Amino acid sequence: MSTRPADPARLLFYIEIDPNLEGVATDYATATWAPDNVSPEHVNTWSPYIDAATSGEWFLTGAAGSATGCNDGCSFAELVDALDDGGEPPVILTVAVGKGRDTAFVGAVDGLRINDTIYDFESFGVVERRAPSA
């Protein structure tokens with residue numbers, strides 16, 4: 001079970017997926033990433049890049065969350081391992097940014113990386129570029 005404190009102002013990333021889990025009769029789940037709280041010097045300013053694969057906590061909704069144990073929170077490595085059941089890999093359907101239900105999110109996201117693509121949000125639109133290889 002998650003031990004993270006509830007922070008109503010925390011930014012959340014919602015990734016709607018088809019989990020493609022064998023034996024789970026669902027083709028929809030939301031993988032939610034709750035980043036760690038930013039340090040005080042980055043409140044109301046741009047923060048350094050934040051790596052969702054090594055920080056914060058992930059949650060998975062519905063039957064897929066129950067089947068993987070990630071409904072109460074897990075690391076990215078645990079989430080990836082739980083979704084890798086030997087069948088078809090999960091498919092990303094949509095990505096959204098929010099902060100909960102109380103008030104609208106006011107802020108910005110830039111340099112969002114998903115797999116090998118970086119989405120750079122500019123005033124004239126979104127620029128997709130290939131991420132540098134590790």
Side-chain angles (χ1 to χ4, degrees):
M1 183 163 179
S2 176
T3 58
R4 297 177 58 81
D7 179 357
R10 182 191 335 244
L11 184 67
L12 300 171
F13 286 81
Y14 306 101
I15 304 174
E16 294 177 317
I17 64 170
D18 177 347
N20 283 324
L21 288 169
E22 296 291 325
V24 177
T26 185
D27 58 0
Y28 178 83
T30 301
T32 302
W33 177 55
D36 293 330
N37 291 327
V38 297
S39 57
E41 71 266 18
H42 296 297
V43 172
N44 296 321
T45 66
W46 284 105
S47 69
Y49 285 105
I50 303 168
D51 187 347
T54 60
S55 67
E57 190 167 22
W58 285 87
F59 300 87
L60 195 60
T61 63
S66 297
T68 61
C70 288
N71 54 338
D72 283 330
C74 60
S75 70
F76 183 72
E78 291 167 333
L79 176 67
V80 169
D81 188 53
L83 291 171
D84 183 14
D85 66 351
E88 292 293 317
V91 175
I92 294 175
L93 305 171
T94 68
V95 177
V97 178
K99 63 164 260 339
R101 300 179 191 186
D102 56 348
T103 58
F105 167 66
V106 178
V109 174
D110 196 22
L112 176 65
R113 178 176 176 168
I114 299 175
N115 297 323
D116 294 328
T117 303
I118 295 174
Y119 300 91
D120 219 353
F121 300 90
E122 303 298 337
S123 60
F124 53 82
V126 179
V127 176
E128 291 182 35
R129 57 187 173 87
R130 185 135 180 97
S133 49

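Quick note: numbers below take in every heavy atom, side chains included, and nothing from hydrogens, waters or symmetry partners. Please read all numbers here as calculations on a predicted model, not as lab measurements.
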Undergrad: Which residues pass the side-chain hydrogen bond (donor to acceptor under 3.5 Å, both in side chains) test with T26, not counting sequence neighbours?
TA: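 With sequence neighbours excluded, T26 shows a side-chain hydrogen bond (donor to acceptor under 3.5 Å, both in side chains) to no residue whatsoever.
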
Undergrad: Under the disulfide bond (SG atoms under 2.5 Å apart) rule, what pairs show up with a residue in residues 17-68, not counting sequence neighbours?
TA: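 Non-adjacent pairs meeting disulfide bond (SG atoms under 2.5 Å apart): zero.
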
Undergrad: Using side-chain contact (heavy atoms from CB on, under 4.5 Å) as the criterion, list what pairs up with T68, not counting sequence neighbours.
TA: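 For T68 the side-chain contact (heavy atoms from CB on, under 4.5 Å) partners, ignoring immediate neighbours, are L21, L60, C70, A82, L83.
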
Undergrad: How close do V24 and A67 get, heavy atom to heavy atom, and via which atoms?
TA: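 Taking every non-hydrogen atom into account, CG2-CB, 3.7 Å.
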
Undergrad: So, taking the atom named CZ in F59 and the one named CG in N71, what distance separates them when rounded to the nearest 0.5 Å?
TA: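 Between F59 CZ and N71 CG, I get 9.5 Å after rounding to 0.5 Å.
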
Undergrad: Enumerate the residue pairs fulfilling ring-ring contact (aromatic ring centres under 6.0 Å, His included) with a member in residues 77-101, sequence neighbours excluded, ordered by first and then second residue.
TA: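 Qualifying pairs, neighbours excluded: none.
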
Undergrad: Any disulfide bond (SG atoms under 2.5 Å apart) pairs touching residues 32-68, not counting sequence neighbours?
TA: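 Not a single pair qualifies under disulfide bond (SG atoms under 2.5 Å apart).
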
Undergrad: Name all pairs fulfilling the ring-ring contact (aromatic ring centres under 6.0 Å, His included) condition that reach into residues 79-103, sequence neighbours left out, sorted by first residue then second.
TA: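 Not a single pair qualifies under ring-ring contact (aromatic ring centres under 6.0 Å, His included).
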
Undergrad: Would L12 and I114 show up in the same hydrophobic cluster when neighbours are defined by side-chain heavy atoms closer than 4.5 Å?
TA: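 No, L12 does not connect to I114 through the hydrophobic network.
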
Undergrad: Working to the nearest 0.5 angstrom, can you tell me the gap between L11 CG and N37 CG?
TA: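 Nearest 0.5 Å value for the CG-CG distance: 11.0 Å.
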
Undergrad: Would a hydrophobic clustering, with Ile, Leu, Val, Met, Phe, Trp and Tyr connected at side-chain separations under 4.5 Å, put V95 with V127?
TA: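 Hydrophobic grouping puts V95 apart from V127.
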
Undergrad: According to side-chain contact (heavy atoms from CB on, under 4.5 Å), who are the partners of A131, at least two apart in sequence or on a separate chain?
TA: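 Partners of A131 by the side-chain contact (heavy atoms from CB on, under 4.5 Å) criterion, ordered by chain and then number, come out as R113, I118.
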
Undergrad: Provide the full list of salt bridge (Lys or Arg N to Asp or Glu O under 4.0 Å) pairs with a residue in residues 118-131, sequence neighbours left out, each pair given once.
TA: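 Sorted pair list: D116-R130, D120-R129.
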
Undergrad: Run the side-chain contact (heavy atoms from CB on, under 4.5 Å) test against E16 and tell me which residues pass, sequence neighbours left out.
TA: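 Testing E16 for side-chain contact (heavy atoms from CB on, under 4.5 Å), a comparison that skips the adjacent residues, returns Y28, T30, L93, T94.
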
Undergrad: Just to verify, what does T45 make a side-chain contact (heavy atoms from CB on, under 4.5 Å) with, not counting sequence neighbours?
TA: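 T45 satisfies side-chain contact (heavy atoms from CB on, under 4.5 Å) with H42 once adjacent residues are dropped.
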
Undergrad: Following the transitive rule for hydrophobic clusters with a side-chain heavy-atom cut-off under 4.5 Å over Ile, Leu, Val, Met, Phe, Trp and Tyr, establish whether W58 and V91 coincide in one cluster.
TA: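 No, separate clusters.
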
Undergrad: Quick check: closest heavy atoms across I17 and P90, and the distance to 0.1 Å?
TA: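 So the two residues come closest at CD1-CB, 4.4 Å.
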
Undergrad: Under the rule for side-chain hydrogen bond (donor to acceptor under 3.5 Å, both in side chains), what residues qualify as partners of Y119, not counting sequence neighbours?
TA: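 side-chain hydrogen bond (donor to acceptor under 3.5 Å, both in side chains) list for Y119, sorted by chain: empty.
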
Undergrad: In Å and rounded to the nearest 0.5 Å, what is the OH to CG distance from Y49 to L112?
TA: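 Y49 atom OH to L112 atom CG measures 10.5 Å (nearest 0.5 Å).
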
Undergrad: Which pairs with one or both residues in residues 82-92 pass salt bridge (Lys or Arg N to Asp or Glu O under 4.0 Å), sequence neighbours excluded?
TA: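 Not a single pair qualifies under salt bridge (Lys or Arg N to Asp or Glu O under 4.0 Å).
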
Undergrad: Quick one: CD on E57 to SG on C74, what's the gap to the nearest 0.5 Å?
TA: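 Rounded to the nearest 0.5 Å, the CD-SG separation comes to 7.5 Å.
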
Undergrad: From D110 CG over to W46 CH2, what is the distance, rounded to the nearest 0.5 angstrom?
TA: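 Between atom CG of D110 and atom CH2 of W46 there are 5.0 Å.
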
Undergrad: Whether the side chain of W33 engages the backbone of S55 through a donor-acceptor N/O pair (distance < 3.5 Å, no angle test) should be reported.
TA: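 Side chain of W33 to backbone of S55: a pair is present.
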
